[in-house]
Amino acid sequence: MHAYFDNAATTPLDPEVLDAMLPYLGQHYGNPSSLHGPGRQVRSAIEQARKLVAQLVNAAPSEITFTSGGTEADNYAVFGSVRTLGLRHAITSPLEHHAVLHPLQALAKSGETELSYLRHDEHGRLDLGHLEELLATKPRSFVSLMHGNNELGNLNDIKAIGEICARHDAIFHTDTVQTMGHYAHDVQQLQNHFLVGSAHKFHGPKGVGFLYRRGGVEVAPLIHGGSQERNIRSGTENVYGIVGLAKALEIACRDMTAHRQHVQGLKNRFIEQLRAGIDDVQFNGLSAVADQSLYTVLSVSLPPSPISEMLLFSLDISKVAASGGSACTSGAQLGSHVLEALGADPNRPTVRLSMSRLNTEAEVDYAAAQLIKLYQPVLK
């Protein structure tokens with residue numbers, strides 16, 4: 001059996017999504033900027049996709065910009081806000097994805113903005129009182145705090161964060177890469193100025209994402225050289241990717257309740273089996289707290305053992321695909337900046353098991369058994 005539990009890194013492409021994309025990989029090949037028939041045909045497909053994505057997050061089509069993925073969308077929000085709006089102070093947390101942390105740190109290093117980090121507890125809960133304090137001192141700041149943490153699975157209350165930001169005239173960007181397609185997002189009920197999506201996190205194609213930018217927030221483009229995407233993002237559009245993104249998000253939103261019940265059941269099954277089979281197993285952050293973490297992510301902290309350095313390799317040999325943390329640092333010698341910020345024991349290896357609607361109970365049982373088997377000889 002093969003058991004794939006690295007869905008936070010990427011999900012399998014839904015066959016229904018592939019079917020929607022195929023015509024734009026073959027017979028519909030026009031450039032969407034061309035005025036002739038083939039060009040107009042694919043232009044229409046892009047705009048239909050834009051309307052659908054906008055509808056699914058309750059936005060206006062003009063507020064949706066297609067990008068190469070979540071990282072570009074995050075960068076656009078960060079650099080565009082600080083530089084165009086002249087925001088001299090930015091607030092984030094040390095638990096953010098590098099797609100947010102690295103741009104903000106680059107801006108701070110260049111002196112374009114001052115950067116403050118929000119306090120959090122040992123489980124990764126953000127101190128929103130600290131956010132209020134920082135904004136009271138320096139209103140009209142740029143605030144970037146993610147909805148769901150890609151390593152821990154912790155969920156942040158972005159509605160409450162948005163309300164705090166609104167009280168202080170702050171610009172609020174939230175990285176929703178891990179929650180788009182898994183949780184409902186209604187931008188009319190939030191106070192955010194930016195949120196993002198990446199298609200391959202919800203069974204769409206890689207290399208395409210989108211940025212929601214609230215109407216009236218004008219920021220300069222990152223990429224110059226064309227008038228595509230209403231002069232916001234130059235470059236010929238990834239037509240088949242955009243079509244696939246919209247279809248994948250449509251499917252995810254259509255069947256979200258059933259998907260959530262199924263995947264939460266798989267996560268609960270993992271927790272029960274690992275607790276029963278491995279002494280001193282722990283779960284990082286709020287990963288094992290159902291109503292405070294992503295139902296798709298379980299971050300497992302294992303006891304120190306001689307197999308720690310070979311753990312992911314051993315699982316791979318057993319045909320279990322998992323991650324040691326963020327997919328962006330998997331296989332690197334550097335440890336997880338998120339776990340380090342929590343003060344996690346560096347001697348305890350971490351396995352991130354991330355699930356999707358395509359996983360089965362049989363796969364959970366198999367993967368849990370393989371992990372337990374690796375530890376039983378050590379623990380005895």
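Since the model is a prediction, treat every value here as computed from it, not as a measurement. Atom set for the values below is all heavy atoms of this structure, side chains included, hydrogens, waters and symmetry mates excluded.
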CG (D175) and CG (N150) are apart, to the nearest 0.5 Å, by 7.5 Å
Side-chain heavy atoms nearer than 4.5 Å, only ILVMFWY residues, links allowed to pass through others: does that put M180 and V17 together?
yes
Is any side-chain heavy atom of L294 less than 4.5 Å from a side-chain heavy atom of T179?
yes
If you take all heavy atoms of S144 and L104, which pair is closest and at what distance?
CB-CD1, 4.4 Å
CD1 of I91 to CZ of F142: how many Å apart, nearest 0.5 Å?
10.5 Å
Taking the six-membered ring for Trp and the full ring for Phe, Tyr or His, determine whether the centres of F5 and F270 are under 6.0 Å apart.
yes
H259 side chain reached by H182 side chain, heavy atoms, under 4.5 Å
no
Strictly by modelled atom types, are Q273 and D365 linked by a side-chain donor-acceptor pair under 3.5 Å?
yes
Name the orientation class of the two ring planes belonging to H98 and H102 (parallel below 30°, tilted from 30 to 60°, perpendicular beyond 60°).
parallel
Here the pair of heavy atoms bringing P221 nearest to H224 is O-NE2, 3.3 Å
Centroid-centroid distance, Y183 to Y295, less than 6.0 Å:
yes
Are any of the side-chain heavy atoms of P94 and H120 separated by less than 4.5 Å?
yes
Scanning both residues in full, the closest heavy-atom pair of L311 with P349 reads CD2-CB, 4.1 Å
Does the side chain of T174 reach to within under 4.5 Å of the side chain of F194, using non-hydrogen atoms?
no
Enter the distance from Y76:OH to E229:CD here, rounded to the nearest 0.5 Å.
10.0 Å
Mind running side-chain contact (heavy atoms from CB on, under 4.5 Å) on H337 and E151 for me, showing each step along the way?
CA-CA 10 Å; H337 70 284; E151 293 195 39; 4.0 Å; yes
Does a donor on one side chain sit under 3.5 Å from an acceptor on the other, for Q264 and N268?
yes
Is the H185-H147 ring centre distance short of 6.0 angstrom?
yes
How about D280 and R348: do any of their side-chain heavy atoms sit closer than 4.5 Å?
yes
Are H193 and R213 packed together at the side-chain level, in the sense that at least one heavy-atom pair is separated by less than 4.5 angstrom?
no
Pairing donors with acceptors under 3.5 angstrom, does anything connect the side chains of H89 and E114?
no
Determine whether a donor-acceptor pair (N or O, by modelled atom type, separation under 3.5 Å) exists between the side chain of N154 and the backbone of L286.
yes
So, N7 versus N359: side-chain donor-acceptor pair below 3.5 Å or not?
yes
Just so I know, are the side chains of K319 and Q370 near enough to count as touching, which here means a heavy-atom distance under 4.5 Å?
no
When rounded to the nearest 0.5 angstrom, what is the spacing between OG in S93 and CZ in R119?
13.0 Å
Has the side chain of S293 got a donor or acceptor atom that lies under 3.5 Å from a matching backbone atom of S287?
yes
Of all heavy-atom pairs between P205 and L245, which one has the smallest distance, and what is that distance?
CD-N, 3.9 Å
Measure across H168 and I164 and return the closest heavy-atom pair with its distance rounded to 0.1 Å.
CD2-O, 3.2 Å
Taking a hydrophobic cluster as the set of Ile, Leu, Val, Met, Phe, Trp and Tyr residues connected by side-chain heavy atoms closer than 4.5 Å, whether directly or through intermediates, do V53 and L13 fall within one such cluster?
yes
State whether the side chain of N156 and the backbone N or O of I158 hold a donor-acceptor pair below 3.5 Å, judged by distance alone.
no
Paired with H200, the side-chain contact (heavy atoms from CB on, under 4.5 Å) test is passed by just one of V208, T10, V177, namely T10
Side-chain touch Y375/S305, heavy atoms, less than 4.5 angstrom:
yes
Ignoring hydrogens, what is the shortest heavy-atom contact between L107 and R83? Give both atom names and the distance.
CD2-NE, 3.8 Å
